[in-house]
S.K.: 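This is the structure I have questions about; it appears just below.
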Number of protein chains: 2
Amino acid sequence: MNSISPKTIERLILYRRILLGINPDEKSHIYSHELAKMTGFTAAQIRRDIMAVGYSGSPVHGYNTQAMINSISDFIDAPEVQNVALIGVGHLGRAVLNYFKGRRPKLSIVASFDNDESKVNRVIQGCRVIHTNELEKSIKEMNIQVAILTIPAESAQEIADRVISAGVKGILNYAPIKLHTPPDVYVENRDMIMAVEKAAYFARQKMSEESFYELHT
Amino acid sequence: MNSISPKTIERLILYRRILLGINPDEKSHIYSHELAKMTGFTAAQIRRDIMAVGYSGSPVHGYNTQAMINSISDFIDAPEVQNVALIGVGHLGRAVLNYFKGRRPKLSIVASFDNDESKVNRVIQGCRVIHTNELEKSIKEMNIQVAILTIPAESAQEIADRVISAGVKGILNYAPIKLHTPPDVYVENRDMIMAVEKAAYFARQKMSEESFYELHT
DNA sequence: TTAACGTTGTTATATTTTTCACAGCAAATA
DNA sequence: TATTTGCTGTGAAAAATATAACAACGTTAA
Ligand SMILES: NC(=O)c1ccc[n+]([C@@H]2O[C@H](COP(=O)([O-])OP(=O)(O)OC[C@H]3O[C@@H](n4cnc5c(N)ncnc54)[C@H](O)[C@@H]3O)[C@@H](O)[C@H]2O)c1
Ligand SMILES: NC(=O)c1ccc[n+]([C@@H]2O[C@H](COP(=O)([O-])OP(=O)(O)OC[C@H]3O[C@@H](n4cnc5c(N)ncnc54)[C@H](O)[C@@H]3O)[C@@H](O)[C@H]2O)c1
């Protein structure tokens, strides 16, 4: 069994994103080195990744953009729509709802939850807010497999436990806390402060690289 | 020259985050296997990473939490405060400002920018909004090295070019677009839709793993 | 027709990253 | 005192990931 690396998955998702931005009437085919330029990866890597999804291009014209999108989608997407829940309709939660709406055909935020009575039952960004009392029930009913957590860190572990008990297998966690989850659940952490710290660190590295080059040229 | 891997940097940032959450009066020391439990990495990996920053623990008591925080901070943080700008004071931008405020001593969002006249000069989340006309000027004046982009994809490349021309070396990009930047600039992309796609993909993988185990046990 | 070209698919190679395994050591225990 | 215990630090091995290299093959141009 020849499983595909997580890194490759990430890149495939990016390729698709980029290909979707290309007008197929203007550009029906694309070469690996063009994609390399656009993504910052090497052409060899891109060919490798494409190989993994079982699509083949033409040595003459390169890859057919539409066919490549389809192959990647067959690989990445579920055959049917996957339902997503958002928990915590605060500043961040609203921004996410607003941004996500209708962007991906195979992924749909079908429910949002909050424990703030003043928000419950209001329709925010096209999605009625459900009280977290009904979290497990609703998740099961709607067959939700993925949850986005935009709640304070204090509540995140409890809510994670509860959505997992209701059958969620994938979590996108924006709370600044490391969740403790069973091995059959995938967690992607998106801590913004850690992201800024990382960017700041590498910004400094880049600065010293630059002075290095200046010294040696 | 024995440079440290980006993966190690990410983990170090996480270790610090976790250590900062521990009360040093209750727990002055910690073992690698305890950190392993908390982070989900292996104990060996953690020892390796700690080695990289030049800190040593005691074989008897493990690592001193405060000393370890200090060593990591010496390694990750700039000696002086690094200034950060946020561009695009919309839904997401506001959430970021609100969340970030005062969390990290060595990182400070000192300016926010927008091109919407109705926002300019208003103080939003404790930060006065500056018109993007003054982007380059202000960035230079305030010696800003890191920028957070929370603007629509259409404007992102232009703004990126401009902040780079003004001296920014690290970008945290929330717009769903792959930026084209010179090699001496570090870009961290945080596309939320790609993150959900990834979580959804691995959620399905986890589901099939589970049925695999069920079949074979 | 023939040669040169440019690209893919894929194998081989190199590099990076993680894990393993254990010496060394201080404390606890017998 | 001698032995066991349980940790760190680290060299060696393994696994994962990325790069390089090139045969195969239509297309173009001579
Ligand atoms: N704001 C950001 O940009 C940002 C970035 C990264 C991470 N975060 C984190 O994301 C989380 C949310 O940030 P925010 O700015 O939207 O905060 P917020 O206070 O605006 O929103 C939090 C929402 O969660 C709800 N909530 C609280 N406890 C709950 C519970 N137990 N069950 C259900 N709902 C609950 C609140 O009613 C509120 O609506 C925080 O953990 C924050 O640290 C925020
Ligand atoms: N909302 C989210 O959760 C989310 C998540 C990921 C990515 N994004 C992306 O982040 C960006 C912002 O999202 P949002 O929900 O905050 O949108 P928004 O429309 O609420 O905010 C965008 C802000 O950027 C400002 N702006 C537009 N063009 C500008 C320019 N050229 N210079 C300066 N300011 C400019 C606007 O005036 C507005 O204040 C979008 O690209 C969106 O796709 C959003």
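What you see is a predicted model; the values in this text were computed from it and never measured. Excluded from the calculations below are hydrogen atoms, water molecules and symmetry mates; all remaining heavy atoms, backbone and side chain alike, are included. In the text below, chain A, chain B and the rest are named by the order of the sequence lines, each starting its count at 1.
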S.K.: What is the distance from CD1 of A/Ile9 to P of D/dA16, rounded to the nearest Å?
M.R.: 15 Å
S.K.: Think B/Tyr63 has a side-chain N or O under 4.0 angstrom from the OP1 or OP2 of D/dG9?
M.R.: yes
S.K.: Please work out whether the ring planes of B/Tyr186 and A/Phe202 are parallel, tilted or perpendicular, with thresholds of 30° and 60°.
M.R.: parallel
S.K.: Verify whether one side chain among B/Arg16 and B/Ser73 offers a donor that lies under 3.5 Å from an acceptor in the other.
M.R.: yes
S.K.: Just the table, please: protein N/O against nucleotides 16-21 of chain C N/O, every pair under 3.5 Å.
M.R.:
from: C/dT18; atom 1: OP1; to: B/Arg11; atom 2: NH1; distance (Å): 2.9
from: C/dT18; atom 1: OP2; to: B/Arg11; atom 2: NH1; distance (Å): 3.2
from: C/dT18; atom 1: OP2; to: B/Arg11; atom 2: NH2; distance (Å): 2.8
from: C/dT18; atom 1: OP2; to: B/Gln45; atom 2: NE2; distance (Å): 3.1
from: C/dT18; atom 1: O5'; to: B/Gln45; atom 2: NE2; distance (Å): 3.2
from: C/dT19; atom 1: OP2; to: B/Thr42; atom 2: OG1; distance (Å): 3.0
from: C/dT19; atom 1: O4; to: B/Arg48; atom 2: NH1; distance (Å): 2.5
from: C/dA21; atom 1: N6; to: B/Arg47; atom 2: NH2; distance (Å): 3.3

S.K.: To the nearest 0.5 angstrom, please state how far the CG atom of A/Asp191 sits from the OH atom of A/Tyr174.
M.R.: 11.0 Å
S.K.: Out of A/Thr181, A/Asn189, A/Thr150, which one pairs with A/Asn173 under the side chain to side chain donor-acceptor pair (under 3.5 Å) rule?
M.R.: A/Asn189
S.K.: Roughly how many Å is it from CE in A/Met51 to P in D/dT17, rounded to a whole number?
M.R.: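 For the pair A/Met51 CE and D/dT17 P, the rounded distance is 15 Å.
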S.K.: Between P on D/dA21 and NE2 on A/His33, what's the gap in Å once rounded to a whole number?
M.R.: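 Rounding to the nearest Å, NE2 of A/His33 and P of D/dA21 are 19 Å apart.
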S.K.: Hey, are B/Glu136 and B/Lys140 close enough for a salt bridge, meaning a charged N less than 4.0 Å from a carboxylate O?
M.R.: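 No, this pair does not count.
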S.K.: Measure from CD1 on A/Ile46 to C1' on C/dT10 and round the result to the nearest Å.
M.R.: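 Taking atom C1' of C/dT10 as the reference, CD1 of A/Ile46 is at 16 Å.
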S.K.: Between A/Tyr201 and B/Phe75, how do the two ring planes meet: parallel, tilted or perpendicular, split at 30° and 60°?
M.R.: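 If you compare the ring of A/Tyr201 with that of B/Phe75, the planes turn out parallel.
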S.K.: Check the distance between D/dC25's P and A/Tyr31's OH and give it to me in whole angstrom.
M.R.: 18 Å
S.K.: Considering residues, nucleotides and ligands other than B/Lys37, do more than 12 of their heavy atoms fall under 6.0 Å from its NZ?
M.R.: no
S.K.: Among residues two or more places apart or on two chains, list those pairs meeting ring-ring contact (aromatic ring centres under 6.0 Å, His included) that have a residue in residues 85-107 of chain B.
M.R.: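 Those involving residues 85-107 of chain B do not exist here.
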S.K.: D/dA16 C1' sits how many Å from A/Glu10 CD, rounded?
M.R.: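 From A/Glu10 CD to D/dA16 C1': 14 Å.
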S.K.: When you measure from every atom of DNA chain D, which of residues 53-61 of chain B have a heavy atom less than 4.0 Å away?
M.R.: B/Ser56, B/Gly57, B/Ser58, B/Pro59
S.K.: Once you round it to whole Å, what is the distance between C1' of D/dT8 and CD1 of B/Ile50?
M.R.: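 Rounded to the whole Å, the gap is 12 Å.
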S.K.: I want to verify a distance call: between C/dT8, D/dC7, C/dT7, whose nearest atom is closest to the A/Ser32 side chain?
M.R.: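 Nearest to the side chain of A/Ser32 among the choices is C/dT8.
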S.K.: Do A/Arg17 and B/Glu197 sit within salt-bridge range, that is, some charged N less than 4.0 Å from a carboxylate O?
M.R.: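 Answer for the salt bridge query: no.
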